[in-house]
Amino acid sequence: MPGLHRFAAGCALVGALALPLAPALAQGDAIRLVVGAPPGGTTDTVARSIAQHMTLDLKRPVVVENKPGAGGNIAADYVAKSNPDGNTLLVTFTSFSINATLYRKLPFDPVADFTPISMLANVPSVLVVRKDFPARTMPEFVSLVKASPGKHTMALGAIGSSLHMAGERMKMMAGLDILNVPYKGTAPAITDLLGGQVDMMFASSLNALPHIKSGALRALGVTSPQALPQFPGVPPIGDTIKGFESNAWFALFGPAKLPADKLAALNAAARKAVDTPEFRELLEREAASAVSSSPDELGAFVRQDIERYAEIVRFTGATAD
């Protein structure tokens, strides 16, 4: 996360320096990337990096507008109801898929009311335990938890987040009984895990890495299908719980009925931004991956993702309204 924050500050400085050039670049109104998260977070930082590079490619100002709240639904609803002229776009994250079933009623349809443009990034998570937790490997962890159903506790930074769903997916697939302990954010959840008040949590690789490196927390497994160089010696959870995989993702959407020529131009600009060495290196330093896609690939992914999370939401009985 520190690397992303440093980069965000750099993007803000570049944006400020570029303001006098905006009239020369403009070929119409600025393109707005609407983000359903507050400034400074991972989604906001990804959006600002993409905006910087798209500005250069499209020769038009691309700016970020934050509309946080309701797990990203406020921003999504705003974009869904916007004019499909290519000037109002959505940078969203995994909750876009989760919310389709976590909320009993949404003011928009996450498939019908949007035009997929491109995937932007994937961020795996990691299962971390307090440093004195008895199990030191995933097989030992599964055996220990199965032997003591309901005894162990898992911190949740946010109900309905991809990290919450990663834990529920693990419990569902391995038949584990673990007590959830909800928190109002990732920071207090990690604080209590560091203090030994809870046993474990799924954490973003961005948040967990400093504590793993310091030895304050121990990593048992990563949620990606392959091992990650940033976590040497930590295997994929899927090596023990066959078929397990869970990643947070970030992607770019427009309103439904975005004209084909504008969609093609926006997809090309987004993919160029994702493929820049600066963006890729930024994410790789933090155990994340820059990933672009065609509109059709993103659309198919989201439809499948909604179904994947629907199964987990039904399993947990969770609801947000």
Side-chain angles (χ1 to χ4, degrees), residues 1-12 14-15 31 33-37 39-58 62-64 72 89-97 115-126 162-163 166 203-210 222-232 236 245-254 263-302 304-305:
M1 187 66 77
L4 286 175
H5 285 161
R6 287 194 298 272
F7 189 79
C11 287
V14 170
I31 295 172
L33 303 186
V34 182
V35 176
T42 305
T43 311
D44 176 74
T45 302
V46 166
R48 290 182 189 279
S49 174
I50 293 297
Q52 176 191 356
H53 294 293
M54 288 180 70
T55 291
L56 299 175
D57 187 66
L58 295 172
V62 181
V63 299
V64 171
L89 308 176
L90 176 71
V91 175
T92 191
F93 42 96
T94 320
S95 293
F96 188 78
S97 295
T115 300
I117 298 174
S118 178
M119 186 71 79
L120 302 175
N122 274 327
V123 182
S125 55
V126 57
S162 62
L163 300 174
S204 162
S205 57
L206 305 171
N207 292 324
L209 197 54
V222 293
T223 62
S224 55
Q226 67 285 321
L228 299 172
Q230 295 86 351
F231 297 97
E245 180 182 350
S246 180
N247 287 313
W249 54 264
F250 303 89
L252 181 65
F253 293 82
L263 174 58
L266 290 167
N267 174 261
R271 297 183 82 158
K272 285 182 183 178
V274 169
D275 287 339
T276 58
E278 298 89 350
F279 187 68
R280 286 180 138 4
E281 289 169 8
L282 163 73
L283 293 178
E284 286 168 6
R285 283 197 303 270
E286 310 288 353
S289 301
V291 182
S292 62
S293 71
S294 71
D296 287 345
E297 288 169 339
L298 176 56
F301 169 83
V302 168
Q304 293 168 359
D305 210 41

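Numbering of residues begins at 1 and proceeds along the displayed sequence.
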Heavy-atom nearest pair, Leu263 first then Pro295, reads CD1-CG, 3.9 Å

For the atom pair CE (Met54) and CG (Leu89), what is the distance rounded to the nearest 0.5 Å?
6.5 Å

Heavy-atom closest contact (Ser292 atom, Asp275 atom, distance)
OG-OD1, 4.2 Å

Looking at every heavy atom in both Val222 and Gln226, which two are closest together, and how far apart are they?
CG2-O, 3.9 Å

Please enumerate all residues that pass side-chain hydrogen bond (donor to acceptor under 3.5 Å, both in side chains) together with Gln304, with sequence neighbours excluded.
none

Can a donor-acceptor pair be found, under 3.5 Å and without considering hydrogens, that links the side chain of Ser49 to the backbone of Thr45?
no

Kindly determine whether His53 and Val62 satisfy side chain to side chain contact (heavy atoms under 4.5 Å, CB included), including the steps that lead there.
CA-CA 9 Å; His53 294 293; Val62 181; over 6 Å; no

Please identify each residue that fulfils ring pair (Phe, Tyr, Trp, His ring centres under 6.0 Å) with Phe253, with sequence neighbours left out.
Phe96

Can you confirm whether Leu228 sits close enough to Val126 that some side-chain heavy atom of one is under 4.5 Å from a side-chain heavy atom of the other?
no

Partner set under side-chain hydrogen bond (donor to acceptor under 3.5 Å, both in side chains) for Asp305, not counting sequence neighbours
Ser97, Trp249, Arg308

Main-chain N/O of Ser246 paired to Thr223 side chain as donor or acceptor, under 3.5 Å
yes

Are Leu209 and Phe231 packed together at the side-chain level, in the sense that at least one heavy-atom pair is separated by less than 4.5 angstrom?
yes

If we only count heavy atoms from C-beta on, is the Leu298 to Leu252 side-chain gap below 4.5 Å?
no

Roughly how far, to the nearest 0.5 Å, is NZ of Lys272 from CG of Asn267?
11.0 Å

Give me the atom names and distance for the closest heavy-atom approach of Met119 to Ser293.
N-OG, 2.9 Å

OG1-CZ distance between Thr94 and Phe250, expressed to the nearest 0.5 angstrom
6.5 Å

Shortest non-hydrogen contact between Gly254 and Ile117, atoms and distance:
N-CD1, 3.6 Å

Which atom of Glu245 lies closest to which atom of Pro225, heavy atoms considered
OE2-CD, 3.5 Å

Would you please test Leu283 and Val123 for side chain to side chain contact (heavy atoms under 4.5 Å, CB included) and show each step?
CA-CA 8 Å; Leu283 293 178; Val123 182; 5.6 Å; no

Test side chain to side chain contact (heavy atoms under 4.5 Å, CB included) on Arg271 and Ser294; report intermediate values, then the result.
CA-CA 9 Å; Arg271 297 183 82 158; Ser294 71; 4.0 Å; yes

Taking the side chain as C-beta and beyond, is there a heavy-atom pair between Ile50 and Val91 under 4.5 Å?
no

